2 protein chains.
Amino acid sequence: MPFSYEYARPALTVDCAVFGLDEQDLQVLLIRRGQEPYEGRWALPGGFVHVDETLDEAALRELEEETGLRKVYLEQLYTFGGIDRDPRERVVTVAYYALVKLSDHKVKAATDAADAAWFDVNDLPELAFDHREIFEVALARLKGKVRYQPIGFELLPRKFTLTQLQRMYETILERKLDKRNFRKKILGMDLLVALDEVQKDVAHRAARLYKFDDRRYRKLVKQGFSFEI
Amino acid sequence: MPFSYEYARPALTVDCAVFGLDEQDLQVLLIRRGQEPYEGRWALPGGFVHVDETLDEAALRELEEETGLRKVYLEQLYTFGGIDRDPRERVVTVAYYALVKLSDHKVKAATDAADAAWFDVNDLPELAFDHREIFEVALARLKGKVRYQPIGFELLPRKFTLTQLQRMYETILERKLDKRNFRKKILGMDLLVALDEVQKDVAHRAARLYKFDDRRYRKLVKQGFSFEI
DNA sequence: GCAAAAGTGTTGGTTATACACCCATGT
DNA sequence: ACATGGGTGTATAACCAACACTTTTGC
């Protein structure tokens, strides 16, 4: 045991609640544990923080190692420091949440990692450790933050229709929005760019595609604009 | 060195930005460091997390040890994990912010602790480590959160006047509010209880005192109410 | 031609903002 | 009597919520 300290130190880990949006549902990515404790249980992806990497780096590294995901939107959530979180020893975990465009990543996450799968947030299996609690906090944060920061776009493909956008909000916020009012509001913010392009392969009138203009968003924020759904 | 581990572990600390409200200004509580590194520099109160205490417990313990403060409003802020935060070794810190009623605590903090002092947030000395950054994040959080959660009351005495309340918001948000509109709005929320009591020892008409009704607030929240200034 | 979703305005109610004077109290 | 802050109402503008029909497209 080459590393010794004068006082006992908690182990430090990162864990990550990764959200993705299916056609109809909000989903979260879980991995199945291969070792004790909680062997065979589903858990949030995560692992130990190396001494030479930042917390963000650790979260990104673990995500890639365990699920194959890269370049996701990642944000620190909360640090969980309960004394008996882990039955082996004291472990403090810095929790993150991530948002991914399922359309891009669906296949990868299912194949690259041995045992990773998406679950509907309303139908989760029992989770290892206190991961259920971490998940609840992450979901609450997502629900809160999506209303006043334009992070929801991270769940959609780069080009999306207004109906997809509206459905995303309806799914996360768990309430219906009025189509006309929604369109008025979101277009009025002047954050979406209408593309010269429409949906393909749909059995009805094809909707116009839009993209989110991040550069413009940041400019508006500097001028005091604040996003709100 | 009795504690050995297979892999190197970062040290884990807590640090705390304590805010108080003077008649005119928002202040933050700093302590002067007695040891290297940064000996003699001002810093946020904080210290190492013991292996048998939660993070919240560590923050409260350090606060009391270093500043004499007890029973403050405390909330986890963010965890800072930069690799070179501390010149000695890798230290990850879980930052908190606290709000105290200066009226109650002013003397204590100045006497119990050898070298603790309140500083105007707009006139801070150079701080040790990355404490300036932690402070900035804490202040931003306070400014953001005070608008949509009734945490500002933690900075005022239990009994306060509407003018004190308004000044608190004006100080934190750094903008003027309209007196009549402010009163209409805050009284309309039905969260304040008018006491049968007025200010004493003032050289003008004495203002009515109010208190915040926390029980009522929680009841309203359950019914979907959301606080906003 | 029919099924399915796209796209589009108006009205009424609520909420936010701007604004100024008289009142009570202590010195 | 004067200085200081306490306390109060109204009118206008902006925003939000409710609501239904026509258009386009693929089959």
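Sequence lines set the chain letters: A, B, ... in the order given, protein chains first and strands last, and positions in each chain run from 1. It should be emphasised that the depicted structure is a prediction, and the values quoted were computed from it without experimental measurement.
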Requested in this report: For the residue pair B/F153 and B/F227, categorise the inter-ring angle as parallel (less than 30°), tilted (30 to 60°) or perpendicular (more than 60°).
Outcome: perpendicular
Requested in this report: Just call it for A/R183: base, sugar-phosphate, or nothing, with non-hydrogen atoms closer than 4.0 Å on any strand.
Outcome: base
Query raised in the report: When the distance from CG of A/D178 to C1' of C/dG9 is rounded to whole Å, what number comes out?
Result: 12 Å
Query raised in the report: In whole angstroms, how far is the C1' atom of C/dA16 from the CD1 atom of B/I229?
Result: 13 Å
Query raised in the report: Quick one: A/K185 NZ to D/dA17 P, roughly how many Å, whole number?
Result: 7 Å
**Report entry** Separation of D/dC16 C1' from B/E228 CD (nearest whole Å)
**Finding:** 14 Å
Query raised in the report: Between B/Y38 and B/F129, is the gap from one ring center to the other below 6.0 Å?
Result: yes
Query - Nearest-angstrom distance from the residue atom CG of B/L177 to P of C/dA16 - result: 13 Å
Query raised in the report: Of A/A203 and A/L162, whose closest DNA chain C nucleotide lies nearer the 5' terminus?
Result: A/A203
Requested in this report: Looking at every strand, decide which applies to B/T163 at a 4.0 Å heavy-atom threshold: base, sugar-phosphate, or nothing.
Outcome: sugar-phosphate
Query - Whole-Å gap separating C1' (C/dT27) and CG (B/D201) - result: 14 Å
Query raised in the report: Atom NE2 of B/H204 and atom C1' of C/dC22: how far apart are they, to the nearest Å?
Result: 17 Å
Query raised in the report: If each of A/T161 and A/R180 is mapped to the nucleotide of DNA chain C with the nearest heavy atom, which maps nearer the 5' terminus, i.e. the 5' end?
Result: A/T161
Query raised in the report: Between D/dC15 atom P and A/N181 atom CG, what is the distance in whole Å?
Result: 14 Å
Query raised in the report: Can you find a pair of side-chain heavy atoms, one from A/V146 and one from A/I229, that are under 4.5 Å apart?
Result: no
Query raised in the report: Below 4.0 angstrom, N of the basic side chain to O of the carboxylate: do B/E197 and B/R208 qualify?
Result: no
Requested in this report: Please state whether the base of D/dT8 and the side chain of B/K184 form at least one donor-acceptor pair under 3.5 Å?
Outcome: no
